[in-house]
Undergrad: 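My structure is below; once you've seen it, I'll send some questions.
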Amino acid sequence: MTDFLSDLNEAQKKAVEATDGAVLVIAGAGSGKTRVLTYRIAYLLSKGIDPFSILALTFTNKAASEMKERIASLVGRPKAKSLWMGTFHSVFAKILRFESERTGFPSNFTIYDTEDSKRLLKNIIKEQNFDEKEYKPAVVVNRISNAKNNLISVEEYNNDFEIQTYDSQCKRPHIGLIYKLYQQRLKKASAMDFDDLLFNTNVLLRDHPEALYKYQNKFKYILVDEYQDTNFAQYLIVKKLSANNENICVVGDDAQSIYAFRGANIQNIINFKKDYKDFSLFKLEQNYRSTKNIVDAANSVIENNKEQIKKAVWTNNEEGERIHLFNAANENEEAAVIGAKIFELMKKENFTPDNIAVLYRTNYQSRTLEESLRKLSIPYKVFGGVSFYQRKEVKDLLAYFRLIVNHYDEQAFVRIINFPARGIGDTTLNKILVAANENNVPVWDVAENPANYKVSIGSNIQNKISEFVFMIKSLKTQINKQNAYEIGKLTVNNSGIIKHYKDQETPESEMRLENIDELLNALKEFAENPDDVEGENSLKTIELFLEEAALMTDMDMEENKQNADNKSYVSLMTMHSAKGLEFPVVFLAGLEENLFPSQMSLESSAELEEERRLFYVAITRGMKKVFMSFAETRYRFGELNFCEHSRFIDEIDQKHIDDMAGIFSTFNKKPANFESFAESRSNFVSVNSIKKKQDNNTGNNDDSEFGKLSPSSLKVDMTIQHQRFGIGTIQLLEGKGENAKAHVLFNNFGKKQLLLKYAKLKILS
DNA sequence: AAAGCGGTACTTTTT
DNA sequence: GTACCGCTTT
């Protein structure tokens, strides 16, 4: 029964066999981390452990379903299905629904996504007449999210001197009040946001010891994937649940911690040894994924981080090609070259599109890349950005489902009360909202019976509201009688959404209809696939669908689709979403200062180290070939910006780089295989831009007088000359050391911010 | 009440 | 460049 252990190397095998007690597995990139987790679970099952008593927490739904699949192939489907395996959010959402009697929330609570949260916050800020410039929903939502991730309740937030001082200093003294009102409104709407799922689980385990004992006894073996990305709320849940027998196994890589910005605490993994004194440590250091060049290049970068657990990642794989580095005049040329190179890889080296990924720091970079790939008819898929579930028509329809399941869902109500238009406008809606607030009742109660709350609405509009309320109520009577797909069809027809878009007859409405169709297909597939623990005869209701959809990223969605239509695409995604994935060929685009590392990360070394870890993650996605590129100019907010290449490139040991950009050669000498690149480039890029490039490379321009100047030699109002921008006046000097910057007003180029570390200047007067 | 127009302020990463 | 807001007109 344990024959599958022979698939593992020594370190992996030991990590699998140490089933009891606290276990920390530090797994370098590509070292078979998922393999250890799956085999460990399979091993537990083969020893007769009940699958219901194993809790495995992952970072994404995709990781969970893939792992389940692999375990199923090792020990059989029935056992694999009975495992408690999923993301923190989905597993504990399930538990919170089950424990509704203890939580004070009904079991059909809605999960608000970030957009819902922001809209609600916006409403509250408006109602309170706070300055909307100071109180931006995005900022407020972050403050509240941070508080919740650190288990700071409304009361604690408002009584904490430090927090209050900080908010006051930021000119936002009322965030505590907003937090309070926000939680009240969520409660009234029977809704939780993402962070509440973890926060309220902690409350449940803290205030209800009988529930804590129950789950401690239930989950005899706990496994946590990507432990380096857990936040305090998650950490404490795991700690509490495992306190009884300490059969806990956490797997992670501190070098790949990239979610501190949303509360992840790298100390959780670094301090594991303090939390569990009797722990065993296993290090997986052999990389099976990438070539020597890629592994070594990644190692040379991550070395620059101070805070890390020591490990030596190595590989037995072939040497492989060096990392190909190239530059481009602007983002369009960069995209064109990447497209051309992909075209060539497919044509000459038989790579398929799904062998290839283009990774970037920010979502907006996908646009130019898409254009380039479209021109070359290369099939591609953009992950992230405006995902399927965020499209207006899809969210509208989901709002119907939400309101049907949970009438109190305020955001869903506001969204669809007048969509499609049924003559209930802003004025009426505001009356209802105000009345709901004044009487401290859900909006639904007011809509159901306005007269009760002294809302004066004309009888004409009154009838329309009643019709709407009636429609939602009648659909509710069906939700436990008909499956998700049937409810979906009824909703689409009764609501008038289909008619609304059919009447428009524009290409845009056509597309929206297609998306609605796609959602119905997803419902159908969901309804007809009895893959749940509950068994074959249980009805797949719309409620169950919503629960999944709320916590689904488009990553999970696209995964299903790709399997379904079996087409091959080049993947376009952010470096963050690429975590956990691997591709034979990886392009890293836009490696420029202020873009990557992001401008916002330059203020603290902790944030800069996180960017570096992200760079490490990005490089280590590549199996065979890694291409890096940067543009010398890039449009941002419609304004032209001149860019310097990313500092991270300089941190790679030069011997691993095939430097076609010429950044490491003082004499700008032409690299050995520049020709082959120029060739593939010239097929698609205007000859002009190449010429410009080559002129630069010959070193004809007279730059002998320009040099890097120390920040101290410059003063405001000085007139300086820049190699490219010509003559200008210094307006402002900021930053220290590496980050010293000068704001210069150029005569012909307008205002520019120059990093003194790179800018070559000449002082004129 | 709804659609259309023009000005404005943004873009880090996501369960 | 674009998403979003508030103003206008019908």
Side-chain angles (χ1 to χ4, degrees), chain A residues 57-64 86-93 111-115 117-119 122 126 132-133 136-139 141-142 145 148-149 192-198 226 229-231 233-234 257-264 331 359-368 371 383-387 389-390 392 418-430 458 460-461 464 500 504 548-556 573-579 590 594-603 607 610-611 613-615 617-618 634-641:
Chain A
L57 298 166
T58 60
F59 199 66
T60 61
N61 294 302
K62 194 169 158 241
T87 61
F88 273 89
H89 291 89
S90 68
V91 165
F92 295 113
I111 298 172
Y112 273 11
D113 66 15
T114 312
E115 194 193 326
S117 299
K118 281 189 197 163
R119 282 184 191 216
K122 204 169 182 182
K126 259 200 186 137
E132 289 180 59
K133 292 241 158 54
K136 286 179 192 145
V139 173
V141 85
N142 257 328
S145 172
K148 287 184 186 174
N149 285 333
M192 297 193 197
D193 65 19
F194 288 137
D195 305 312
D196 283 332
L197 296 174
L198 304 176
E226 309 280 13
D229 282 325
T230 51
N231 60 35
Q234 292 167 323
S257 164
I258 54 174
Y259 284 103
F261 72 90
R262 69 173 214 228
E331 71 266 43
L359 310 182
Y360 35 80
R361 180 70 229 289
T362 63
N363 277 309
Y364 80 89
Q365 289 171 261
S366 71
R367 246 197 55 232
T368 42
E371 270 167 34
F383 295 84
V386 182
S387 77
Y389 282 103
Q390 279 166 16
K392 184 192 175 301
N418 202 28
F419 182 85
R422 45 176 76 85
I424 308 168
D426 284 347
T427 322
T428 311
L429 177 58
N430 268 330
N460 206 7
I461 297 178
K464 286 171 179 163
H500 172 83
Q504 288 186 1
E548 274 192 24
L551 296 169
M552 190 122 86
T553 62
D554 59 320
M555 212 52 147
D556 309 312
M573 64 179 90
T574 63
M575 298 173 183
H576 279 89
S577 5
K579 186 156 99 156
N594 294 333
L595 182 59
F596 190 35
S598 148
Q599 205 158 10
M600 343 226 358
S601 72
L602 296 178
E603 282 165 25
E607 280 174 286
E610 174 145 317
E611 295 281 302
R613 291 193 294 268
L614 182 59
F615 189 58
V617 168
R634 181 179 294 276
Y635 272 95
R636 264 179 125 177
F637 328 83
E639 220 183 303
L640 189 64
N641 275 267

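Since the structure is predicted, the reported quantities are computational estimates derived from the model, not experimental observations. Letters go in sequence order (proteins before strands), and every chain restarts at 1.
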Undergrad: Can you tell if the side chain of A:Asn594 reaches within under 4.5 Å of the side chain of A:Arg636, non-hydrogen atoms only?
TA: yes
Undergrad: Are the side chains of A:Leu551 and A:Ile111 in touch, meaning some heavy atoms are under 4.5 Å apart?
TA: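 Yes; the side chains approach each other to less than 4.5 Å.
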Undergrad: Whole Å only: how far is the CE atom of A:Met192 from the C1' atom of B:dT15?
TA: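 These atoms are roughly 16 Å apart.
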Undergrad: What residues form a side chain to side chain contact (heavy atoms under 4.5 Å, CB included) with A:Ser145, not counting sequence neighbours?
TA: A:Asn149, A:Asp195
Undergrad: A:Gln234 CD to B:dT15 P: how many Å, rounded?
TA: 12 Å
Undergrad: Taking the six-membered ring for Trp and the single ring otherwise, decide whether the centroids of A:His576 and A:Phe261 are under 6.0 Å apart.
TA: yes
Undergrad: Calculate the interatomic distance between A:Phe419 atom CZ and B:dA1 atom C1'; express it in whole Å.
TA: 16 Å
Undergrad: How many Å lie between CG on A:Asn61 and P on B:dT14, as a whole number?
TA: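 Those two atoms, CG and P, are 15 Å apart.
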Undergrad: Check whether any side-chain N or O of A:Asn231 sits under 4.0 Å from OP1 or OP2 of B:dT15, and answer yes or no.
TA: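 No.
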Undergrad: Begin with the C-alpha distance, continue with both residues' side-chain angles, and end with the deciding distance and a verdict on side chain to side chain donor-acceptor pair (under 3.5 Å) for A:Thr574 and A:Ser577.
TA: CA-CA 5 Å; A:Thr574 63; A:Ser577 5; 2.6 Å; yes
Undergrad: Taking side-chain hydrogen bond (donor to acceptor under 3.5 Å, both in side chains) as the definition, give me every residue that meets it alongside A:Gln234, ordered by chain and number, with sequence neighbours left out.
TA: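 side-chain hydrogen bond (donor to acceptor under 3.5 Å, both in side chains) list for A:Gln234, sorted by chain: empty.
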Undergrad: Using a 4.5 Å cut-off on heavy atoms from C-beta on, say whether the side chain of A:Phe92 contacts that of A:Leu57.
TA: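 Side-chain contact under 4.5 Å: yes.
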Undergrad: Just do the side chain to side chain donor-acceptor pair (under 3.5 Å) check on A:Ser601 and A:Ser598 with the steps written out, would you?
TA: CA-CA 5 Å; A:Ser601 72; A:Ser598 148; 4.8 Å; no
Undergrad: How would DNA chain B look in dot-bracket form, 5' to 3', counting Watson-Crick and G-U wobble pairs with both distances under 3.5 Å and writing | for bases paired to another strand?
TA: ||||||||||.....
Undergrad: Take the protein atom CE of A:Met575 and the nucleotide atom C1' of B:dT14, then report the distance between them rounded to whole Å.
TA: 16 Å
Undergrad: Taking for each residue the nucleotide of DNA chain B with the nearest heavy atom, is it A:Thr428 or A:Ser90 whose nucleotide lies nearer the 5' end?
TA: A:Thr428
Undergrad: Could you give the CZ-to-P distance, from A:Phe383 to B:dT15, as a whole number of Å?
TA: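 It is 13 Å, rounded to the nearest whole Å.
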Undergrad: Could you tell me how far B:dT13 sits from C:dC4 if I compare only their P atoms? Round to whole Å.
TA: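 Approximately 15 Å lies between the P atom of C:dC4 and that of B:dT13.
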Undergrad: Give A:Asp113 one of three labels, base, sugar-phosphate or nothing, depending on what nucleic acid heavy atoms sit under 4.0 Å from its own.
TA: nothing
Undergrad: Just the table, please: protein N/O against nucleotides 3-13 of chain B N/O, every pair under 3.5 Å.
TA:
{"from": "B:dC10", "atom 1": "OP1", "to": "A:Lys136", "atom 2": "NZ", "distance (Å)": "2.7"}
{"from": "B:dT12", "atom 1": "O2", "to": "A:Arg361", "atom 2": "NH1", "distance (Å)": "2.7"}
{"from": "B:dT12", "atom 1": "O2", "to": "A:Arg361", "atom 2": "NH2", "distance (Å)": "2.3"}
{"from": "B:dT13", "atom 1": "OP1", "to": "A:Asn363", "atom 2": "N", "distance (Å)": "2.9"}
{"from": "B:dT13", "atom 1": "OP1", "to": "A:Asn363", "atom 2": "ND2", "distance (Å)": "3.3"}
{"from": "B:dT13", "atom 1": "O2", "to": "A:Arg361", "atom 2": "NH2", "distance (Å)": "2.6"}

Undergrad: What's the verdict on side chain to side chain donor-acceptor pair (under 3.5 Å) for A:Gln365 and A:Thr362, showing C-alpha distance, side-chain angles and the deciding distance?
TA: CA-CA 6 Å; A:Gln365 289 171 261; A:Thr362 63; 3.1 Å; yes
Undergrad: Who pairs with A:Lys392 by side-chain hydrogen bond (donor to acceptor under 3.5 Å, both in side chains), at least two apart in sequence or on another chain?
TA: A:Asp396
Undergrad: Output, in order, the C-alpha distance, side-chain angles, deciding distance and verdict of side chain to side chain contact (heavy atoms under 4.5 Å, CB included) for A:Thr58 and A:Glu226.
TA: CA-CA 7 Å; A:Thr58 60; A:Glu226 309 280 13; over 6 Å; no
Undergrad: Listing time: all N or O pairs from protein to nucleotides 4-9 of chain C that are below 3.5 Å?
TA:
{"from": "C:dC5", "atom 1": "OP1", "to": "A:Lys122", "atom 2": "NZ", "distance (Å)": "2.1"}

Undergrad: Tell me the interatomic distance from A:Ile111, atom CD1, to B:dT14, atom C1', rounded to whole angstroms.
TA: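 The distance from CD1 of A:Ile111 to C1' of B:dT14 comes to 15 Å, rounded to the nearest Å.
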